[in-house]
There are 2 protein chains.
Amino acid sequence: MPARRAPLTRERAVQAATALADEHGLAALTMRALAERLGVRPMAVYHHVPHKDALLGLLVEEVLGQVAPPPPGAPWREALGTRCRSAREVLRAHPWALVLLESRRTPGPTSLEHHDAVLGTLLGAGFDVPAAGHAYALLDAFVYGFVLQESTLPFDDAHAPEVADEIVAAVPEGAYPHLVRFARERVREGYAFGDEFEVGLRLVLDAVASLHPGATDRAGRRTVDA
Amino acid sequence: MPARRAPLTRERAVQAATALADEHGLAALTMRALAERLGVRPMAVYHHVPHKDALLGLLVEEVLGQVAPPPPGAPWREALGTRCRSAREVLRAHPWALVLLESRRTPGPTSLEHHDAVLGTLLGAGFDVPAAGHAYALLDAFVYGFVLQESTLPFDDAHAPEVADEIVAAVPEGAYPHLVRFARERVREGYAFGDEFEVGLRLVLDAVASLHPGATDRAGRRTVDA
DNA sequence: ACCTGAACACCGTTCAAGT
DNA sequence: ACCTGAACACCGTTCAAGT
């Protein structure tokens with residue numbers, strides 16, 4: 001490890017902090033550990049960032065900036081599907097970012113730009129303002145909530161069957177009958193929780209479609225009041 | 001403040017820790033602050049809980065235990081609506097619990113019992129095992145994600161109009177046109193983000209219904225493959 | 001302009017000791 | 001059995017000082 005490589009910048013601090021959190025978790029991201037990784041004394045970081053909280057805000061912006069906005073030309077359903085899949089991938093790669101969201105008060109320009117693009121896709125596709133609000137709230141609730149569940153799982157998809165077996169074996173006879181049934185019939189056969197993302201996304205996009213002013217129900221009646 | 005009230009118990013420690021996190025946030029919940037609130041020296045808490053991480057696990061269980069399970073007799077849609085509304089209320093009252101979920105590896109008996117009841121409601125209503133898995137993943141993604149968004153908002157619903165005005169005023173001319181339009185047309189008129197919960201829940205329950213083996217689409221074809 | 005050393009007020013947790 | 005005091009290895013951050 002070289003004594004000092006490039007001059008310390010805010011950008012380099014953010015990169016190193018991201019890598020630290022990715023590799024060892026958010027708890028391992030201390031100002032002191034970050035400084036060491038940067039080959040610098042702890043106080044040097046404070047010359048580029050006022051305090052740790054500001055650094056965390058930059059991390060959130062950095063991660064959200066990696067989420068692909070909905071491609072402008074595409075039909076709304078495809079465009080939103082692309083951006084939701086991208087959001088899930090990015091947040092799965094940096095699960096600590098979702099936790100930081102909770103502590104962030106004011107969004108930065110990157111988040112605002114992204115939100116504006118999503119809203120623009122909906123409004124441009126003919127959704128009215130209230131429907132766009134419903135759609136956006138639902139889409140992001142699904143994506144955020146799915147990633148939260150995914151990052152909470154005590155196993156990765158590959159090891160699900162073994163873990164399910166262990167859990168079932170540890171449960172008292174007769175307890176949690178439905179969970180046990182689910183584990184026996186579903187998880188053992190290679191169930192991957194991650195696969196539920198596409199299932200859910202399709203349903204959520206169907207739901208969004210039903211909010212479109214032009215949508216009709218199965219009897220041909222308009223789904224949304226004018 | 002009395003010098004010492006009741007003898008210290010694990011139960012009292014969990015109650016005090018919950019109150020501390022509710023009132024001052026998760027960061028204020030330190031072993032030392034908790035001890036002071038309990039009228040005891042820091043190390044006394046360790047006699048009832050092996051370490052802080054175990055205490056946090058107990059907090060999560062305590063909060064999840066407050067979520068009403070789906071009432072057994074009711075039709076599935078009503079039963080799941082009740083439990084989702086309850087989950088949202090409880091998690092909104094203790095937003096730090098959602099963050100702790102991420103760090104929890106193995107669920108306790110309270111969570112397992114709850115999950116079993118939800119799964120039982122779905123299976124008892126005639127959903128097959130794969131459909132129950134889809135439905136559960138979607139429902140909880142929605143509830144968790146909604147609460148996460150809700151707790152991240154930089155304003156409560158009552159002050160949304162003022163905050164929206166400030167934000168719009170602060171934005172550079174011509175930037176974020178769709179966000180500005182949304183703020184102008186929707187937020188100003190008393191838009192409450194919290195109201196999106198019922199809208200989204202209805203759509204999500206509709207989506208779940210479409211997973212039922214008996215469900216048909218608008219052309220009368222079965223929605224789900226056999 | 002950029003980085004540093006020493007210090008302060010905190011953490012969670014250990015261990016041996018008190019009652 | 002239950003609680004304590006002192007100590008250790010950490011935190012984030014201040015301030016005055018170095019180059």
Peer 1: Could you state the CG-C1' distance from Leu26(B) to dG12(C), rounded to the nearest angstrom?
Peer 2: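 Atom CG in Leu26(B) sits about 15 Å away from atom C1' in dG12(C).
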Peer 1: Out of Leu91(A), Leu59(A), Leu20(A), Leu56(A), which residue meets the side-chain contact (heavy atoms from CB on, under 4.5 Å) rule with Trp96(A)?
Peer 2: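 One option only clears the test, and that one is Leu59(A).
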Peer 1: Angle class for the Phe146(B)/Phe142(B) ring planes (parallel below 30°, perpendicular above 60°, tilted otherwise)?
Peer 2: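 Tilted, since the angle between the ring planes falls between 30° and 60°.
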Peer 1: Could you walk me through whether Tyr176(A) and His115(B) pass the ring-ring contact (aromatic ring centres under 6.0 Å, His included) test, one step at a time?
Peer 2: CA-CA 9 Å; Tyr176(A) 316 127; His115(B) 284 124; 9.8 Å; no
Peer 1: Check every atom of dA6(C), dG12(D), dC3(D) against the side chain of Tyr46(A) and return the nucleotide holding the closest atom.
Peer 2: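 Nearest to the side chain of Tyr46(A) among the choices is dG12(D).
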Peer 1: Rounding to a whole Å, what distance do you find between Leu55(B):CG and dC11(C):P?
Peer 2: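 Going from CG in Leu55(B) over to P in dC11(C) covers 15 Å.
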Peer 1: Consider the side chain of Met43(B), meaning its heavy atoms from C-beta on, and name the nucleotide among dA6(D), dC11(C), dC11(D) that approaches it most closely.
Peer 2: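 Nearest to the side-chain atoms of Met43(B), counting from C-beta on, is dA6(D).
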Peer 1: Whom does dC15(D) pair with, Watson-Crick or G-U wobble, provided both distances fall under 3.5 Å?
Peer 2: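 dC15(D) is paired with dG5(C).
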Peer 1: Quick one: which of dT13(C), dG5(D), dC3(C) gets closest to the side chain of Arg41(B)?
Peer 2: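 The closest nucleotide is dG5(D).
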Peer 1: Report yes if a donor N or O on one partner sits less than 3.5 Å from an acceptor N or O on the other, where the partners are the side chain of Arg32(B) and the base of dG12(C); otherwise report no.
Peer 2: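 Indeed there is one.
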Peer 1: Counting distance only, does the side-chain N/O of Arg10(B) pair as donor-acceptor with the main-chain N or O of His48(B) below 3.5 Å?
Peer 2: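 Yes; judged by distance alone, with no hydrogens or angles, the pair exists.
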Peer 1: His51(B) has an atom NE2; how far is it from atom P of dT13(C), in whole Å?
Peer 2: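 Those two atoms, NE2 and P, are 7 Å apart.
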Peer 1: Would you mind telling me which of dC3(D), dT13(D), dT4(C) lies closest to the side-chain atoms of His48(B)?
Peer 2: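 That would be dC3(D).
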Peer 1: Rounded to whole angstrom units, what separation is found between the CG atom of Leu29(B) and the C1' atom of dC11(C)?
Peer 2: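 The distance from CG of Leu29(B) to C1' of dC11(C) comes to 12 Å, rounded to the nearest Å.
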Peer 1: Just how far, in rounded Å, is C1' of dT14(C) from NE2 of His47(B)?
Peer 2: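 So the two atoms are 15 Å apart, to the nearest Å.
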